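For ligands, and for the atoms within them, numbers begin at 1 and follow the listed sequence. These numbers come from a predicted model, not from an experiment. Counting begins at 1 with the first residue of the sequence.
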Amino acid sequence: MKRVLSGIQPSGQLTIGNYIGALSKFVKLQHDNRCFFMIVDLHAITQPQEPEALREQSESVSALYLAAGIDPSKASIFLQSHIPAHAELGWLLTTLTYMGELERMTQFKDKSSGKESIGVGLFTYPSLMAADILLYQADLIPVGDDQKQHIELTRDLAHRFNSRFGEFFTMPELYMDELGGRVMSLDDASKKMSKSNPNPASFIAMLDEPDVIRKKLSRAVTDSGREVKYDPQNKPEIANLMGIYSHFAEMSIAEIEARYEGQGYGPFKKDLAEQLVAVLEPIQQRYREIRKSGEVAGVLKKGAEEAAVIANETVLEAKKRMGFLIN
Ligand code: AQP
């Protein structure tokens, strides 16, 4: 069995970008792999978070994992902060990371651009992410396209550690399917759809009410043409919507083009909204039941107990190899 690890930040309401790029893949992979799915709260605080909002979002994301179909008897679901080994290995790997490597990270450039003061955590967080992955000796990392660079850094750090201290860390591989690499914003197809975008019209949240989904899609920016044709260069907005359609309806791009030939954008956008509602409404229903049941705390406790066994073992061995005295 391969080991699979991934996580999502509780930094806002999960979007369909998070669902396509990450969560829907978690659900698929849990059947044939040993899976660890975190809620990465230590990453979330690299941007300012109100304590009450962080608590609520951490619980909400955990409940959404369950509602989307992650089965806690198959996968370990836990909060990153519940396992101190993440921060510990994170520090060890930070000391092996070069400034130049972090300066090249496009996510850091995007998230820090235009800000007056930039937290050091935002800069060094890729080393913590490397620790998240290496702690579990993970083989496969299901993430969206925006995380590719961070996985490459993780591989470089694993290689650096192994060369200096002896072969130890497993070399992780990025797991991506052909669809769902990167979902773009509904108001600007040059930007990634993000849960922390202050404009709610730029994203569809997994918990948006059906009528809100319909409204947001009807207002999604498109070009002035009317041909539903996949042309990311010249028609990036429609190409983005077609990618979303393809994922939710499980249809190929060619099938979508054929279905909407000669019909214009109106019917396409309407049907897309219904495809989203058909998948998200049952998830929302389950989400409400899970929140009411109070089962999340128990799931997180069990997940952390399972994950801690492996994480503690790994960090102890890494410390031994680096020359720390162990009691
Ligand atoms: N637009 C996207 N398209 C495809 N995949 C995406 N992911 C995020 N946005 C898209 C994937 O979701 C997972 C969790 O992401 P994250 O919460 O750890 O951080 P992020 O990538 O920074 O996501 P957001 O939504 O943009 O959060 P904020 O706004 O808080 O920064 C990752 O696998 C990511 O690739």
Side-chain angles (χ1 to χ4, degrees), residues 4-29 35-50 53-54 57-58 60-62 64-65 68 70 79-80 86 105-113 115 118-119 121-122 125-126 128-130 132-133 138 140-152 154 172-200 202-208 220 232 236-237 239-241 243-244 246-248:
V4 173
L5 175 128
S6 195
I8 301 183
Q9 299 184 44
S11 46
Q13 290 252 322
L14 297 200
T15 70
I16 56 168
N18 299 128
Y19 182 69
I20 293 177
L23 193 45
S24 63
K25 293 179 202 160
F26 300 175
V27 176
K28 274 191 208 150
L29 285 165
C35 291
F36 299 88
F37 297 127
M38 306 174 291
I39 293 88
V40 284
D41 46 2
L42 295 176
H43 290 294
I45 59 164
T46 57
Q47 307 268 39
Q49 304 292 337
E50 286 302 322
L54 182 63
Q57 285 155 13
S58 297
S60 168
V61 175
S62 308
L64 257 182
Y65 274 22
I70 301 179
L79 289 175
Q80 184 188 24
H86 285 263
M105 294 295 148
T106 52
Q107 198 182 73
F108 172 71
K109 289 184 201 164
D110 290 346
K111 289 191 174 177
S112 60
S113 104
K115 297 223 166 86
I118 301 151
L122 191 63
Y125 117 87
L128 178 58
M129 178 164 160
D132 300 336
I133 294 168
L140 288 182
I141 318 300
V143 281
D145 175 64
D146 59 314
Q147 295 291 338
K148 245 186 195 164
Q149 232 188 349
H150 295 157
I151 307 295
E152 276 158 25
T154 303
E173 305 272 346
L174 175 74
Y175 174 88
M176 250 176 32
D177 43 23
E178 67 285 10
L179 298 168
R182 190 177 297 223
V183 178
M184 307 313 279
S185 192
L186 298 182
D187 62 342
D188 178 354
S190 69
K191 284 199 192 131
K192 188 184 81 136
M193 182 180 283
S194 261
K195 59 176 121 58
S196 59
N197 189 318
N199 175 13
S202 71
F203 59 78
I204 292 176
M206 288 183 69
L207 295 175
D208 275 344
E237 297 87 0
N240 183 41
L241 296 182
I244 298 171
S246 169
H247 189 278
F248 276 85

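Against a heavy-atom cut-off of under 4.0 Å, R182 is close to the following atoms of ligand 1: 3 (N), 4 (C). The S11 neighbourhood of ligand 1 comprises atoms 28 (P), 30 (O), with distances under 4.0 Å to a heavy atom of that residue. Against a heavy-atom cut-off of under 4.0 Å, G144 is close to the following atoms of ligand 1: 5 (N), 33 (O), 34 (C), 35 (O). Of all the atoms in ligand 1, the ones that sit under 4.0 Å from a non-hydrogen atom of M193 are 1 (N), 2 (C), 9 (N).
No side-chain heavy atom of N18 sits less than 4.5 Å from a side-chain heavy atom of L23. Side-chain contact between D145 and M176: present, with at least one pair of heavy atoms (C-beta onward) separated by less than 4.5 Å.
Under a 4.0 Å heavy-atom criterion, Q107 is in contact with ligand 1. Residue contact annotation: N18 has a non-hydrogen atom under 4.0 Å from ligand 1. Ligand 1 lies less than 4.0 angstrom from a heavy atom belonging to G7.
No N or O atom of D145 sits closer than 3.5 Å to an N or O atom of ligand 1. For ligand 1, the polar-atom distance check finds an N/O of S196 within less than 3.5 Å of one of the ligand's N/O atoms. Residue V143 places no N or O, backbone or side chain, under 3.5 Å from any N or O of ligand 1. Close N/O approach between D146 and ligand 1 is found [any backbone or side-chain N/O within under 3.5 Å]. Taking only nitrogen or oxygen atoms, main chain and side chain alike, N197 does not reach within less than 3.5 Å of ligand 1.
Nearest heavy atom pair, residue Q47 against residue K111, reads NE2-CD, 3.6 Å. Considering all non-hydrogen atoms of both residues, T15 and S194 come closest at CG2-C, 4.0 Å. Residues P172 and T154 approach most closely at CG-CG2, 3.9 Å, considering heavy atoms. The nearest pair of heavy atoms linking D146 to Q107 is OD2-NE2, 3.4 Å. Considering all non-hydrogen atoms of both residues, L79 and S58 come closest at CD2-CB, 4.1 Å.
No part of H43 comes within 4.0 Å of ligand 1, judged by heavy-atom distances. When heavy-atom distances to ligand 1 are checked against a 4.0 Å cut-off, S194 comes that close through both its backbone and its side chain. If you look at V183 next to ligand 1, the close heavy atoms, those under 4.0 Å, come from the backbone and the side chain alike. When non-hydrogen atoms are compared, ligand 1 lies under 4.0 Å from neither the backbone nor the side chain of M184.
Side-chain rings of F248 and Y19 approach one another, their centers coming within less than 6.0 Å.
Side-chain contact check for K195 and S11: at least one donor-acceptor pair (N or O, by modelled atom type) lies under 3.5 Å.
A side-chain donor-acceptor contact under 3.5 Å links S6 to the backbone of P142.
The distance from atom CE of M193 to atom CG of D187, rounded to the nearest 0.5 Å, is 9.0 Å.
Here atom 13 (C) of ligand 1 lies nearest to A22 when heavy atoms of A22, P142, S185 are compared. Across the listed options K111, M38, Q13, K111 owns the non-hydrogen atom lying nearest to atom 22 (O) of ligand 1.
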